[in-house]
Amino acid sequence: MTDTAIRRVRFTALLTAAALVSGCNPGSSIGNAVDAAVTAISGSTSATSQSSASVNAGPDVSVTLPDTRVQLVGSATRGTMKWSQINGPSTVAFQNDASLVTNIAADVPGIYKLRLSATDAQGRTLGNDTVVVTVNPNPVQIGASSTPLDHIRSFARPALRTGNTLVPLTTSSCGLSDQLRVELTQYWGYGATISGIDTGLDRVVPFLKNNPGKYPVAYNIASIYRFYNNYDSRDPGYPVLPPETYVRDAAGNVILDGGNPIVSPLAPDASFQTIGAALGADMAQRESIVGQRIGLVVNEGESGLWHPAERNPLDIWGRDPRVIAAMNARGLDPNNIRDWQKLNSEAKARQERIIKESAYAALRLGRPTTYSWYQEGFGKERGRWAGWPWYNFLWDRFIDAGGRPMVSDYSSPEFYYLFANSGFFGVRTDTNQPYDILTTALREAGGMRTLGQQNMYPWVSQGWDSGDSRGIADDDLYIGFLKELYTAGTVGAVAGYFTCDGPIYNAVRYNNPIGADTPTMVRGFLNLARVHALFTYLEPFLRDGDLLTGDGDHVFNGEDITTPAMEFNAVGEVDPPVDSYRPASWSVRKARVLARKMRNADRWLVTAWANAGEDRDIRVTVDPRLGQLTLHARKAGTVYIVELVNGQVRQTLVDPDAMNPTRNLFPDQGTL
């Protein structure tokens, strides 16, 4: 020991003894003298000296799943603040690791130790402190007696951006428990649909009353068949429509088809005003009960004037001499399916618009912001095969001279897994055209573009468990598809499920025990909500950006308007057409890349999806200024924001957790 060290020890001991004798505390004058003396002899600085900071990471906190976000409240006297993680069962996300008060997200149960540090301008540590965060397990344990509600509550909830203006999600199914409807509204981004007007039976009603104005209210027009089928007054609860509503013979008698009347394209406005007024009265009664405006109306649609399908229109509407005369007067040929399509499209647009506007006229709390009539849109199969006019109205006839849709506020096509498509990969067996679900969706997106439209509110389904279901999609691939569908312009959607009997139906309808396997309906609803939540943070790209046209033209068979591909070819991820004489546009893509660009900024939203094969890196060029990008395409999709900043390309991964894409996002953080 050196002489200096010996003197330091003796002097420190002497002052310390004096402090103990006097009973001083560390903040007393003698205590300060001790600190000063120690500093003078040793050259070091204590935690309370001028060059240190007093740091407090705040009290220990806890959160119980499915809640995953908790607030940290730290304090410090000086320096630059920085939060970091010391340990824990998974990586936490800090909303702002440079703020004393910040939120964190953690979705794995366990104990997490976090540190708050203060540093000076040279990066030297001035002080630090730790806090313990406990994430308690979800009390809902899934087993043989679990209900659909239990399954929903067993999953981590998505984080929806506060103040977003995307359209709330809705459901289309044969029945859904009010308990499930409340849960989906409160935590998963769905509108609150009231299934009945009896306040004593539907839990949604008191839920809305107890949260005035907090959650959107949705109204579902499930079916209006009964209005049309009441031509003979069989149901006293429904009005009788004028005889001119229906196809009639020369003597004026209503012609029946399969026991039901056929709605005529010449049906008078009064018929639809009557239907709309009846629906409006019901809507007004419901808005009165909950005391707030209905914000969203979905119309499940397949009623009234409809598609001829495989039948000859002459065998449907041509039996009415008045219809034939009207066609001739307009220069239309009754023997031409395209002319029938023009007539019926104009008539359907008129009829559905009158129903909508007549219903709205009965409302007293304001006009709903969104109306979605099932299958209204350009047509995902339009022009891809010769028979398309038998199954498709012309959306051109639904858009007014100002470019505004007259019925649905957005294109409303259907995209159901393996239903009128080959799933996530594959071709149409009779033509060898690519026939996967995204290819058909991009035909819709390209068609929307030709008609001056940017966004859609589609009807989607992961599959259903019986009936005419073709299969159930895997969760990861379905989420990947939905990320691409939102990138294509989706601003909300209807989640569909169409099993109407059996144990699964009864479970979701009455919240009965269903067992340890999560019902397909629940999976589909929650997967849609996860992707929808992600895009609440990307809303500027959907509202103020454009889907890029991509490479080449869409798969097309020469039967109608050509539309651009609306996607980009990744290097080595495109197989040539099955037959050598097929056009290049019939190539089959094994990885899909879509891109939207902001109109007034060099910012791109780029989505990569491994629709076939495993997760992998791919290379693609979406803009020459960006050069060739390397993207990680995953089965569950990958979303990037790509920017040009001072001439340099900056690429940011938006969804590190592909299956829980808002895991690292916070409701109040704003858009990305």
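Sequential numbering from 1 along the given sequence is applied to the chain's residues. Below, all heavy atoms of this structure are taken into account, side chains as well, without hydrogens, waters or symmetry copies.
Between the side chains of E376 and W395, at least one donor N or O sits under 3.5 Å from an acceptor N or O. Between the side chains of Y228 and N260, no donor-acceptor pair is found at a separation under 3.5 Å. Judged by distance alone, the side chains of D475 and N527 do bring a donor and an acceptor atom under 3.5 Å apart. For N229 and Y238, the side-chain atoms include no donor-acceptor pair closer than 3.5 Å. A donor-acceptor contact closer than 3.5 angstrom links the side chains of E444 and S411. Side-chain contact of N392 with Q341: a donor-acceptor pair under 3.5 Å is absent, judged by distance alone. In this structure, a donor-acceptor pair under 3.5 Å is present between the side chains of N511 and T147. Using a 3.5 Å distance cut-off with no hydrogens or angles, the side chains of S422 and R428 do not pair a donor with an acceptor.
At least one side-chain heavy atom of Y246 sits less than 4.5 Å from a side-chain heavy atom of L241. A 4.5 Å side-chain heavy-atom check between F155 and R530 finds at least one atom pair inside the cut-off. Between L343 and W340 the shortest side-chain heavy-atom distance falls below 4.5 Å. Annotation: side chain of V217 is not in contact with side chain of L296 (no heavy-atom distance under 4.5 Å). Counting heavy atoms from C-beta on, the side chains of S372 and T170 never come closer than 4.5 Å. Two residues are said to be in side-chain contact when any heavy atoms from C-beta on lie closer than 4.5 Å; F207 and Q186 meet this criterion. Contact of the M521 side chain with the Q462 side chain is not registered, since no non-hydrogen atoms from C-beta on lie closer than 4.5 Å. With contacts defined as side-chain heavy-atom distances shorter than 4.5 Å, the pair Q453/I399 qualifies.
With hydrogens and angles disregarded, no donor-acceptor distance shorter than 3.5 Å links the side chain of Y391 to the backbone of G379. Using a distance-only test at 3.5 Å, with no hydrogens or angles considered, a donor-acceptor pair links the side chain of N230 to the main chain of P239. For R364 (side chain) and A361 (main-chain N/O), a donor-acceptor pair under 3.5 Å exists by modelled atom type. Within the 3.5 Å criterion, the main-chain N or O of D333 finds a donor-acceptor partner in the side chain of D339.
Taken to the nearest 0.5 Å, the CD atom of E414 stands 9.0 Å off from the CG atom of N421. For the atom pair CD of E559 and OG1 of T562, the computed distance is 11.0 Å after rounding to the nearest 0.5 Å. Note that the CZ atom of R509 and the CG atom of D501 stand 14.0 Å from one another [nearest 0.5 Å]. To the nearest 0.5 Å, atom OG of residue S172 and atom CG of residue N299 are 10.5 Å apart.
Between Y374 and W306, the ring planes lie parallel to each other; the angle is under 30°, not in the 30° to 60° tilted range. Note: Y360 and Y371 have perpendicular aromatic rings, judged against thresholds of 30 and 60 degrees for the angle between ring planes. Aromatic ring pairs are classed by plane angle as parallel below 30°, tilted from 30° to 60° and perpendicular above 60°; the pair Y478 and F424 is tilted.
Across all their heavy atoms, V494 and V298 have their closest contact at CG2-CG1, 4.0 Å. Listed here is the closest heavy atom pair of P458 and G492: CD-O, 3.2 Å. Across all their heavy atoms, Y190 and L528 have their closest contact at OH-CD2, 3.9 Å. Summarising the geometry of A441 relative to L485, their closest heavy-atom pair is CB-CD1, 3.8 Å, with the distance given to 0.1 Å. The heavy-atom pair separating P242 from S271 by the smallest distance is CD-OG, 3.6 Å. The minimum heavy-atom distance linking P212 with N210 is given by the pair CD-C, 3.4 Å.
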For this session: Could you check Y225 against E302 for side chain to side chain contact (heavy atoms under 4.5 Å, CB included), going step by step and ending with a plain yes or no?
Result: CA-CA 8 Å; Y225 283 113; E302 294 175 277; 3.8 Å; yes
Problem set entry | Chi angles and distances behind the side chain to side chain contact (heavy atoms under 4.5 Å, CB included) call for K380, F415 | CA-CA 9 Å; K380 58 189 178 127; F415 301 112; 3.8 Å; yes
Problem set entry | D400/R353 under salt bridge (Lys or Arg N to Asp or Glu O under 4.0 Å): CA gap, chis, key distance, verdict | CA-CA 11 Å; D400 66 18; R353 177 179 54 80; over 6 Å; no
For this session: Show your working on side-chain hydrogen bond (donor to acceptor under 3.5 Å, both in side chains) between D465 and Y505 and close with a plain yes or no.
Result: CA-CA 9 Å; D465 292 287; Y505 164 76; over 6 Å; no
For this session: Could you walk me through whether D202 and R181 pass the salt bridge (Lys or Arg N to Asp or Glu O under 4.0 Å) test, one step at a time?
Result: CA-CA 10 Å; D202 195 334; R181 282 183 280 119; 3.3 Å; yes
For this session: Check the pair L314 / R319 against side chain to side chain contact (heavy atoms under 4.5 Å, CB included), numbers first and verdict last.
Result: CA-CA 6 Å; L314 287 171; R319 289 182 280 178; over 6 Å; no
For this session: Apply salt bridge (Lys or Arg N to Asp or Glu O under 4.0 Å) to R153 and E183, showing your working.
Result: CA-CA 8 Å; R153 290 177 171 172; E183 189 77 8; 3.2 Å; yes
Exercise. Does the pair H151 and V508 meet the rule for a side chain to side chain contact (heavy atoms under 4.5 Å, CB included), with working shown?
Worked result: CA-CA 11 Å; H151 281 277; V508 297; over 6 Å; no
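A salt bridge between R397 and E346 is present, with a side-chain N of the basic residue lying under 4.0 Å from a carboxylate O of the acidic one. The pair R443-E381 does not count as a salt bridge, with every side-chain nitrogen at least 4.0 angstrom from each carboxylate oxygen. Ion pair R382/D396 flagged as a salt bridge, since at least one NZ, NE, NH1 or NH2 atom sits closer than 4.0 Å to an Asp/Glu carboxylate oxygen. Using a 4.0 Å cut-off between charged nitrogen and carboxylate oxygen, D409 and R404 do not count as a salt-bridge pair. Residues E357 and R367 are paired through a salt bridge, judged by an N-O separation under 4.0 Å between the basic side chain and the carboxylate.
Heavy-atom contacts from other residues, nucleotides or ligands closer than 6.0 Å to CG of D269 number more than 12. Annotation for R330: atom CZ does not count as buried by contact number, only 12 or fewer foreign heavy atoms lying within 6.0 Å.
None of V290, I294, I289, D178 except one satisfies the side chain to side chain contact (heavy atoms under 4.5 Å, CB included) rule with I194; the exception is V290. Partner of R384 under the side chain to side chain contact (heavy atoms under 4.5 Å, CB included) criterion, out of T439, T431, D560: T439 alone. Here the options are Q454, M456, R543, the test is side chain to side chain contact (heavy atoms under 4.5 Å, CB included), and the partner is V491; only R543 passes. Tested against Y486 for a ring-ring contact (aromatic ring centres under 6.0 Å, His included), the candidates F481, F535, Y457 yield a single pass: F535. The only option from Y416, W459, F419, Y417 that meets the ring-ring contact (aromatic ring centres under 6.0 Å, His included) definition with F498 turns out to be Y416.
Taking the centre and axis of the six-membered ring of Y187, the NZ or CZ atom of R157 falls inside the cone set by 45° and 6.0 Å.
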